[in-house]
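Below: one structure, written as C-alpha cells.
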Amino acid sequence: MEIKVHKQFCLSFREVPTSLKILCDNVSGTLELFGPLKKPISLVRTKVDEVLLNTMIRFYDPFLHCFTYKDFKLVPTLEEFESILGLLVLDQIPYTGEKEIPKLEDVAAALHLPLSEIKKVWLSKGEYSGLPIGFLYSKAEIMIKATSMDALEKVLALLIYGQVLFPRYDKIIDVIAIKIFIGNNPVPTLLGNLLHSIHCRSSKGKGCILGCAPLFHKWFISHLSRSTIKNEEGLTRVQRIIKLSYDDISWNQKEFEGVQLFDRCGEFPNVPLLDTVGKKMLFIRAWSKIKKVGIRELGNKNYIPSDLYFRWIYDRVVEFGIPYPSNTPVVPRITLPVVPIVFEPYVPSPNEDLNVTVNQLKRERDDYKRRLQKVEAEKEVLIADAKEKEDLLDYFSRKWKIEDFVSPDQINSWEQEISRLVQQQEEMIKAHKEEVRVLKRKRRQEDKDPRI
C-alpha cells in the first residue's frame, strides 16, 4: 500500500529576549540563587534548535494529539514538564482562562513591592493590561545592587513567566501571566498552551508556536538516546529524526520512579488540559477531582510493547501518512516470538558437581519466571487497554444535560435575569397603556371645550 506524504511547512517560535538573558547572567554571576529559580533560568539559556523542533512537529498526529512515528508515539506529560521546570503540579484547579484583573494588593504582595508603585505603573487598556516590562527590569537592577534576594527572585520569576513561559506582548507582562504567577501552578497551562498551539499551527502549516519553545526543546532532547545525540553516522538533524525508531528513544527515566502519576480527572479516563484560550466548564469541574496512581497500582514494568501496539501504530501511519519522503518502506514491526523452553529430566553423572547442576537449574528456573512475568505484563496491558476503551465508550455514549456544562449558580442567575426582564416588560406595557388612556382622555376634553 502506498503511503501518502504530507506537504512541508515551517513554523516559527517566540525567542527569549536578549535583555532577559543578560539579566539572568548578571544575577547568576553576582548572587547565589536558590532552588526554585535554577531550572527556569536554565530555560532562558537553552539554545532552541528550530530545525529540530520543526522536524518533530511534522510528525504531529491531529487525531491522536501526539507525535506518531513509524513504530512508536510520543507526547509530553505533566510529570515530565514538572521535572524540567522544577515546579510541582498542585492538587488544585489550574488557570481556567479568565482575564479579570487581579487585585493589585495581591500583585504587590507576590512581588514584595509597595502597592503605591504597582498602582502608579499598572496599564489597563481593554485586554491590554498588566505591568510594563521596563519597570520590572529597573526594579531588578536596583535589587541586584541592594542584594535584596527575596524581592529579586520574585521579580525575575515574573519576567520569566511573562517573556518565556507565557509570552504574549513585547512591552508588558500581561494579566494572564501575572494571574498564573500568583497561582503558582503553571505546568498544566504550559502543557495545554503548547499542545493547543501545535495543533492549530500544524493544521494551517504556518504561524508562530506560542508555547514555551525552550521547554519543548528540553523535553524532546531528554527522550533521545545517547547514540542519536552523538550522531556517529554524521546524519543531518532532519535525517536523525526521520529514522527514529522505538529502540532509539530513552523510555526508562529514573527521576520518575516513586512519583505519583496523574491518572485521571473526574469522569474523564485521562487528564483534560486547560489552555489560556477559553473556559471549559466540564474540564474545570473534572480538575476538582484529581486521581493519582503509584507504580504498584500500574503493575509490573514492561518496556517491550506487544505486537498489537506496533500494529496499531502501523495502521495509523498508513491512514495518516508520513511527513517526509523516504526510500525505506514503512512495514509493521513484529517482535521476535518467545520460544517456549522444554525442560527434560536431567540425571547427573557420578563425577559431576551437584552444586554446579543446582545453580544451572536455578538460573533456568529464574529465566522461566521472567518469561512468565513478561506474558503476564502483556496480559495486564491488554486488560488495561480494553478497560480504557470501555470507559471511553461509556463516556461518549452518555446523554449530556445542560447541568454538565453550566453550574447551578449560573443557571439560577440566568433564571433571575429572565424573570427581571419579563417583569420589566410587563411594567413597560402597563405604563404604555396608561399613557394612551391619558392621551385619549385629553383628546376628548379638547373636543368638548369650544375654546380650544
Could you pull out the closest heavy-atom pair between [X] and [Y], with the gap in Å?
X	Y	result
E50	L11	OE1-O, 4.5 Å
V175	P102	CG2-CD, 3.2 Å
L23	I144	CD1-CD1, 3.8 Å
K39	S83	NZ-O, 2.8 Å
K7	R58	O-NH2, 3.3 Å
L74	C66	O-CB, 3.6 Å

Salt-bridge test for [X] and [Y]: reply yes if a basic N is under 4.0 Å from a carboxylate O, no otherwise.
X	Y	answer
K292	D263	no
D315	R311	yes
D366	R363	no
D248	K243	no
E319	R316	yes
K179	D174	no

Would you check if [X] and [Y] make a side-chain contact, meaning some heavy-atom pair closer than 4.5 Å?
X	Y	result
I209	S12	no
K171	I133	no
L244	R240	no
L235	I242	no
K73	F59	no
L210	H196	no
H217	L52	yes
T228	I249	no

Short question: side chain of [X], backbone of [Y] - any donor-acceptor pair under 3.5 Å?
X	Y	value
Q239	T236	yes
E82	L88	no
Y137	L20	yes

Say you draw a straight line from [atom1] of [X] to [atom2] of [Y]; how long is it, rounded to the nearest 0.5 Å?
X	Y	atom1	atom2	result
F220	L53	CZ	CG	8.0 Å
I57	S197	CD1	OG	8.0 Å
T189	F166	OG1	CZ	5.0 Å
L372	D367	CG	CG	11.5 Å
I221	T46	CD1	OG1	10.5 Å
K38	L85	NZ	CG	16.0 Å

Compute the ring centroids of F63 and F320, then answer whether they are less than 6.0 Å apart.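 Ring centroids of F63 and F320 are no less than 6.0 Å from each other.
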Under 6.0 Å between ring centres: does that hold for Y161 and F181?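 Between Y161 and F181, the centre distance is under 6.0 Å.
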Checking side chain to side chain contact (heavy atoms under 4.5 Å, CB included) against C212, which of V16, N193, V164 comes through?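 Answer after filtering V16, N193, V164: V164.
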Under 3.5 Å, is there a donor-acceptor pair between the Y69 and S245 side chains?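 Absent: no donor and acceptor within the cut-off.
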Do E80 and H223 have side-chain N/O donor and acceptor atoms under 3.5 Å apart?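 Yes, side-chain donor-acceptor contact under 3.5 Å.
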Is there a salt bridge (Lys or Arg N to Asp or Glu O under 4.0 Å) between R14 and D170? Walk through the geometry before answering. CA-CA 11 Å; R14 289 291 295 264; D170 295 330; 3.4 Å; yes
Could you walk me through whether R201 and F9 pass the side-chain contact (heavy atoms from CB on, under 4.5 Å) test, one step at a time? CA-CA 10 Å; R201 296 306 171 190; F9 59 81; over 6 Å; no
V75 and L64: CA distance, side-chain angles, deciding distance, side-chain contact (heavy atoms from CB on, under 4.5 Å) verdict: CA-CA 10 Å; V75 69; L64 298 178; over 6 Å; no
Could you tell me whether K289 atom NZ has more than 12 heavy atoms of other residues or ligands within 6.0 Å of it?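 Open: at most 12 neighbouring heavy atoms sit under 6.0 Å from NZ of K289.
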Within 6.0 angstrom of E15 CD, more than 12 heavy atoms from elsewhere: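 Atom CD in E15 is not packed in, count stays at 12 or less.
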Please test Q92 against N185 for side-chain contact (heavy atoms from CB on, under 4.5 Å), starting from the C-alpha separation and ending with a verdict. CA-CA 8 Å; Q92 64 184 40; N185 190 28; 3.8 Å; yes
Decide yes or no on side-chain contact (heavy atoms from CB on, under 4.5 Å) for F81 and T77, but give the supporting numbers first. CA-CA 6 Å; F81 273 23; T77 64; over 6 Å; no
Evaluate the ring pair (Phe, Tyr, Trp, His ring centres under 6.0 Å) criterion for residues Y60 and F67: first the C-alpha distance (whole Å), next the side-chain angles of each, then the deciding distance (0.1 Å), finally the verdict. CA-CA 4 Å; Y60 179 74; F67 302 95; 5.7 Å; yes
